[in-house]
Amino acid sequence: MAVTLITGCSTGIGLQTAVEFARSGDTVVATMRNLAKSDALTSAAADAGVQLEVIALDVNDEASARSAVAGVLERHGRIDVLVNNAGVGMTGAVEDFSEEHARMTMETNFWGPVRLTRLVLPSMRANGSGVIVNISSITGRLPAFPMYGFYAASKHAIGALSESLAAEVASFGIRVVCIEPGYYETALVDTVDQMREELDLSSPYADATQVMLDFTRASLANGGDPVDVARAVLAAVADQASPLHVHVGSDAAGYLDMWAQTGSFESFAEAANAILSDEGQSA
């Protein structure tokens, strides 16, 4: 079976994806920045009756990524599937957003996948096959909501990169898939709570940011089961005819329909702001 390397496996979509690929019979190398946070993954694997390999990999560290990929190739001889799942989600106005948080968002959500992709491509090209999966977001297919500027920018960027990459590597037998989930119950809820605690109430954007934080938290808390995204990843990898962009979740489909029906950024923004206003009134 295939050798599958997955980043960001300590919680949520990454954890479930690792378990689902192991359940399918693949050799799974599940990675995370901090191995002290591996208990949830190892427990989920044990409950599922599967085995997987867990190693440290910080997608923002070139040396860490290079060492991890080299180790997998040395132990297993190949990497058939790369799932770039590690990511961060932060909410805030462009003017307020710290440069540190902005750079972290782009570094993790965009440059992390670029770094891992560059490292695995030589072996995939040599083997004449492979699948690279980038876990993006439906945010990467829509006009950006307010306070989502840097997150949306990172997801639009990885979507565009996926399209270019797919054309570049197709002749080598390598496919690229960009998975775009809607809202799912993940550890991003904790990030939202942290950002709410750190919110500068003196900011002219404070009220709007609070509305967006409330909307995001409610959407995540009431979101779907991450295992559904994991199964969508598994299905896309198995399907040679899978489209490049794969949205997952009824809310993702609903937002795409709304974007298609409104027909312009202004109309979509008006419809989206109505949703956010309703959320703000009910918060």
Side-chain angles (χ1 to χ4, degrees), residues 3-22 26 28-45 52-69 71-72 79 81-90 101 104-120 131-140 151 154-155 157-159 161-162 176-181 183-192 194 220 223-234 236-237 246 248:
V3 176
T4 299
L5 175 64
I6 308 170
T7 67
C9 295
S10 59
T11 61
I13 292 171
L15 182 155
Q16 295 295 344
T17 300
V19 171
E20 288 303 307
F21 271 88
D26 281 5
V28 174
V29 182
T31 77
M32 61 190 67
R33 183 174 56 181
N34 183 0
L35 289 180
K37 297 182 178 181
S38 65
D39 287 352
L41 174 60
T42 55
S43 177
L52 40 77
E53 182 180 335
V54 184
I55 65 171
L57 192 166
D58 182 350
V59 301
N60 293 339
D61 186 310
E62 176 71 23
S64 172
R66 188 173 296 276
S67 175
V69 170
V72 175
I79 294 174
V81 181
L82 168 66
V83 182
N84 285 311
N85 168 73
V88 296
M90 296 184 180
H101 284 167
M104 180 189 299
T105 298
M106 295 303 297
E107 182 69 23
T108 307
N109 295 354
F110 178 74
W111 284 108
V114 170
R115 183 170 289 114
L116 269 294
T117 296
R118 287 174 167 174
L119 289 171
V120 304
V131 184
I132 294 171
V133 180
N134 291 321
I135 306 296
S136 180
S137 164
I138 198 61
T139 304
Y151 178 75
S154 71
K155 295 304 185 180
I158 201 61
L161 185 92
S162 298
V176 179
V177 179
C178 192
I179 302 290
E180 296 155 347
Y183 288 99
Y184 281 83
E185 188 177 4
T186 69
L188 287 178
V189 167
D190 297 333
T191 302
V192 172
Q194 179 182 348
L220 289 168
D225 189 336
V227 73
D228 294 338
V229 182
R231 289 170 180 166
V233 175
L234 191 67
V237 168
V246 178
V248 186

Review point. Step by step, would you call Glu180 with Ser137 a side chain to side chain contact (heavy atoms under 4.5 Å, CB included)?
Key: CA-CA 4 Å; Glu180 296 155 347; Ser137 164; 5.9 Å; no

Of all the heavy-atom pairs spanning [X] and [Y], show the shortest one and how long it is.
{"X": "Val233", "Y": "Thr17", "value": "CG1-CG2, 4.3 Å"}
{"X": "Leu52", "Y": "Val19", "value": "CD2-N, 4.3 Å"}
{"X": "Ile179", "Y": "Ala232", "value": "CD1-O, 4.3 Å"}
{"X": "Ser162", "Y": "Val176", "value": "O-CG1, 3.7 Å"}
{"X": "Tyr184", "Y": "Pro226", "value": "CD2-N, 4.0 Å"}
{"X": "Arg33", "Y": "Ala56", "value": "O-CB, 4.4 Å"}

Distance from [X] atom [atom1] to [Y] atom [atom2], nearest 0.5 Å?
{"X": "Thr105", "Y": "Phe110", "atom1": "OG1", "atom2": "CZ", "result": "13.5 Å"}
{"X": "Asn34", "Y": "Ser10", "atom1": "CG", "atom2": "OG", "result": "8.5 Å"}
{"X": "Met104", "Y": "Met90", "atom1": "CE", "atom2": "CE", "result": "4.5 Å"}
{"X": "Ile13", "Y": "Glu20", "atom1": "CD1", "atom2": "CD", "result": "13.0 Å"}
{"X": "Glu62", "Y": "Trp111", "atom1": "CD", "atom2": "CH2", "result": "11.0 Å"}

Practice item. List for me each residue that meets side-chain contact (heavy atoms from CB on, under 4.5 Å) alongside Leu234, sequence neighbours excluded, and say none if there are none. Key: Phe21, Ser24

Practice item. Return the set of residues passing side-chain contact (heavy atoms from CB on, under 4.5 Å) with Ala65 (not counting sequence neighbours), or none when no residue passes. Key: Leu57, Arg115, Leu116, Leu119

Do [X] and [Y] have a side chain donor and acceptor closer than 3.5 Å?
{"X": "Ser154", "Y": "Asn109", "result": "yes"}
{"X": "Asp26", "Y": "Thr4", "result": "yes"}
{"X": "Thr108", "Y": "Asn60", "result": "yes"}

Practice item. Quick one: do Val133 and Asn84 satisfy side chain to side chain contact (heavy atoms under 4.5 Å, CB included)? Show the steps, please. Key: CA-CA 6 Å; Val133 180; Asn84 285 311; over 6 Å; no

Sidechain-backbone polar pair: [X] side chain, [Y] backbone, donor-acceptor under 3.5 Å:
{"X": "Ser67", "Y": "Ala63", "answer": "no"}
{"X": "Ser136", "Y": "Gly159", "answer": "no"}
{"X": "Asp61", "Y": "Ser64", "answer": "yes"}
{"X": "Thr42", "Y": "Asp39", "answer": "yes"}

Practice item. Step by step, work out the side chain to side chain contact (heavy atoms under 4.5 Å, CB included) result for Val83 and Thr7. Key: CA-CA 6 Å; Val83 182; Thr7 67; over 6 Å; no

Point to revise | Identified side chain to side chain contact (heavy atoms under 4.5 Å, CB included) counterpart of Asn134 within the set Leu82, Ile158, Val177 | key: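 Looking at Leu82, Ile158, Val177, the match for Asn134 under the side chain to side chain contact (heavy atoms under 4.5 Å, CB included) is Ile158.
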
Review point. With Ile6, which of Val28, Leu15, Thr31 fulfils side chain to side chain contact (heavy atoms under 4.5 Å, CB included)?
Key: Val28

Check your understanding: Any side-chain heavy-atom pair from Val81 and Leu5 closer than 4.5 angstrom?
Key -> no

